[in-house]
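Report on the following structure.
Numbering of ligands and ligand atoms starts at 1, following listing order.
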Amino acid sequence: MSNEAPIGIFDSGVGGLTVAREIFELLPSENVIYFGDVGRTPYGGRSKEIIKEFTRQDIAFLMEHKVKFIICACNSASSVALIDLKSDYEVEMIGVIEPGAKAAVERTKNGRIGIIGTHATVGSNAYARCVHELNPDLKVFSLACPLFVPLVEEGYVDKEATYLIAQDYLRTMKDVEIDTLVLGCTHYPLLKDVLADIMGDSVTLIDSGEETAREVYRLLSKSELINPGMSQSPVLEGEHQYFVSDVPDKFAQVATRFLGRMVDRITRVDISRY
Ligand code: DGL
């Protein structure tokens, strides 16, 4: 496996760019191929069987690009599909669940952890399982907040309506007195300010994407697969390519907000071929 080979990142759509953003920051020399399944997004309300089939196709697409490592940025796909599919491939793959759960276990002090995500993620119990594998004594409270995804995609991150919806969703989390809240969905990091404000200073927010990027750094270093551009001075910037399963226009628009800059090189692919 070559060190110059790209890292593949996939997601149900644009949300995985919050994970890509962390990778760009931590591993600026890596070449990255991002696939966003915008034509079939969202995954979060779909059945396990459908998510699994979509995930298989997303991985097959990235494999065709000879990637050295695959990141499943989508919490819903990581929760219900990745564990079953991972062993079919030789390329190392990581989802966002384990890194997020591990960080929550390390940071909680009162042993009460909240998880928020899509229906698929919450229904799978994947985060709770991971937390309990690490420490069976911890209490986990999970809650689906499906309205957050469309709100974030429409740019409703600092609107009163979003604040009121978040307040309503999180009431039960406040009641159970968690001290750690895992943002178990790609879109939620964009709502960090609102969520932090509602939960208050006593609650630590865990960004699964950020934790995943750290874990990717660790795993690539361990396998000696870091791009050599990282050791040049100044570091060599990697190439970023984007692929989507429908017209790229909306992806380009939302991506600018997610990444804080314009993206070019977006190519449409027919994912049903895979
Ligand atoms: N990417 C999804 C996740 O992290 C959110 C959007 C969707 O439901 O597809 O669960």
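Ranking protein heavy atoms by distance to atom 8 (O) of ligand 1, first place goes to Gly44 N, 2.8 Å. Nearest protein heavy-atom contact of atom 10 (O) of ligand 1 is Ser76 OG, 2.7 Å. Among all protein heavy atoms, the one lying closest to atom 6 (C) of ligand 1 is Ser12 OG, 3.6 Å. In terms of protein heavy atoms, atom 3 (C) of ligand 1 is closest to Asn75 N, 3.5 Å.
For ligand 1 and Tyr43, the ligand atoms under 4.0 Å from any heavy atom of the residue are 7 (C), 8 (O), 9 (O). Less than 4.0 angstrom separates some heavy atom of Cys185 from each of these atoms of ligand 1: 3 (C), 4 (O), 5 (C).
Not a single heavy atom of Gly117 sits under 4.0 Å from any atom of ligand 1. Assignment of Pro42 to the shell around ligand 1 is supported, since a heavy atom sits closer than 4.0 Å.
Not less than 6.0 angstrom separates the ring centroid of Phe10 from the ring centroid of Phe61. Aromatic ring centroids of Phe35 and His65 lie 6.0 Å or more apart.
Side-chain atoms of Arg46 come within 3.5 Å of backbone N or O of Arg40 as a donor-acceptor pair. Judged purely by atom type and a 3.5 angstrom limit, Thr180 has no side-chain atom pairing as donor or acceptor with the backbone of Ile113.
Around atom CZ of Phe24, more than 12 heavy atoms belonging to other residues, nucleotides or ligands sit under 6.0 Å away. In Asp88, the CG atom is crowded: over 12 heavy atoms of neighbouring residues, nucleotides or ligands sit closer than 6.0 Å.
When heavy-atom distances to ligand 1 are checked against a 4.0 Å cut-off, Thr118 comes that close only through its side chain, counted from C-beta outward. Residue-level proximity to ligand 1 for Asp11 is carried by the side chain, the only part with a heavy atom below 4.0 angstrom.
Nearest heavy-atom pair across Phe258 and Val14 is CD2-O, 3.8 Å.
Among the atoms of Val149, none of the N or O lies under 3.5 angstrom from an N or O of ligand 1.
Taking the six-membered ring for Trp and thresholds of 30 and 60 degrees, Phe148 and Tyr188 have ring planes more than 60 degrees apart, a perpendicular arrangement.
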